[in-house]
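Okay, structure first, notes after.
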Amino acid sequence: MIRGLTSPIWPIHYKPLPDELLSSWLVRLAHGHGLKVQTFCNLIFGNNQQVWNRDIDRLAPTWLLGQLSYRTGAAPEIVWNTTLRAYEGLLYGKFRMSGTLPWILALKMYHRKREGYGLQFCPTCLAEDAIPYFRKRWRIAFNTLCLQHKSMLLDRCPKCSMAVAIHRVDMIRSQLTEITPVCCCHECGYDFRQAPKISISSYDHQALSLLLDANRMIHDDFREDQRWRLEHYEVMRQLCRVMTTRYKHVFLRKFVLEQLEAPDLPLTEGRISFEMRPIQERHHLVQLTSWLLVDLKPRITAAWLSHAVRYSVLLKDFEDAPKWYLEIARDLSNWRDRLL
Ligand SMILES: [Zn+2]
Ligand SMILES: [Zn+2]
């Protein structure tokens, strides 16, 4: 046992860095003590308390958060803010333990292996960090770019294409030191800081500008910007769903692509949620949706007049749709109007 691990405050008691994700912080704490992540967690939480067999950033148990606060001296609200529950009321209405959580990228945990591409990163952010760490906003599905570096995020290792799994990074290391960063691929050892910068692709200037605004809200510094609230994120997600719906006679994606004169992208087949799609697909869809949102009523009406979307589809499975969206959709409820 490392000396001091039983004392109330751990010898190494780093606080979370700005917007740091719980898992990233936990890995840094383990490495700070010169321990592998699994060893550290077994020592302090006991062998019976499994930590990494779930999406810890979403499902961190209260006892874990309590211990982290107690042992590092970080205020409980700061610890809580490292979890994805912090987005409750902003990106989704009510937190859920299981199933899809709107806008939160799925890890698709299977034992301790990750199959989903649920943690993104900006190579330049990592390269510029004095201590590289992973941001909470990199778990958000519509957040496909880095505002600071004007570049695309990556959702997998550029060398071996494996999903990022920072808690498994110890598997590639023989010698652990306090300064070994978490930003290496657990599979092939590639240092994510070396990844080439990919510039932001865009179909339409105004749509990109709207998307940037949607992203600004999830940067802690911009929380006072009230242009984007829960209802806007919900409408955006609903339209992303309609874009990929497989109903007959629904061609909204095709319609928008024609307006933008943009090529379509082959999308992953099957009934998968937006939160499970690779970053290129998400970036594509969220841009098309943003184009609609720039001027929603006339654009969705034009789509409807072209028989690209139906009233019932716009509202399908959309509980608690905001009034302004309901009104736009209801104006499209009478198919006879299309004949006028
Ligand atoms: Zn960046
Ligand atoms: Zn790799």
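Numbering of ligands and ligand atoms starts at 1, following listing order. Side-chain atoms are counted along with the backbone in the values below, which use heavy atoms only and exclude waters and symmetry mates.
Angle SG(C146) to the Zn ion (ligand 1) to SG(C122): 120° [nearest 10 degrees]. For C185 atom SG and C188 atom SG, the angle they make at the Zn ion (ligand 2) is roughly 110°, to 10 degrees.
Partner of Y311 under the side-chain contact (heavy atoms from CB on, under 4.5 Å) criterion, chosen from L314, L315, V309: L315.
Stacking of R216 on the aromatic ring of W228 is not recorded, the 6.0 Å distance cut-off and the 45° axial limit not both being met.
The closest approach of H149 to the Zn ion (ligand 1), by N/O/S atoms, is made by ND1.
When distances to the Zn ion (ligand 2) are checked against a cut-off of 2.8 Å, H186 contributes no N, O or S atom below that limit.
Between the side chains of H149 and T124, no donor N or O sits under 3.5 Å from an acceptor N or O.
Taking the six-membered ring for Trp, Y14 and W25 have ring centres at least 6.0 Å apart.
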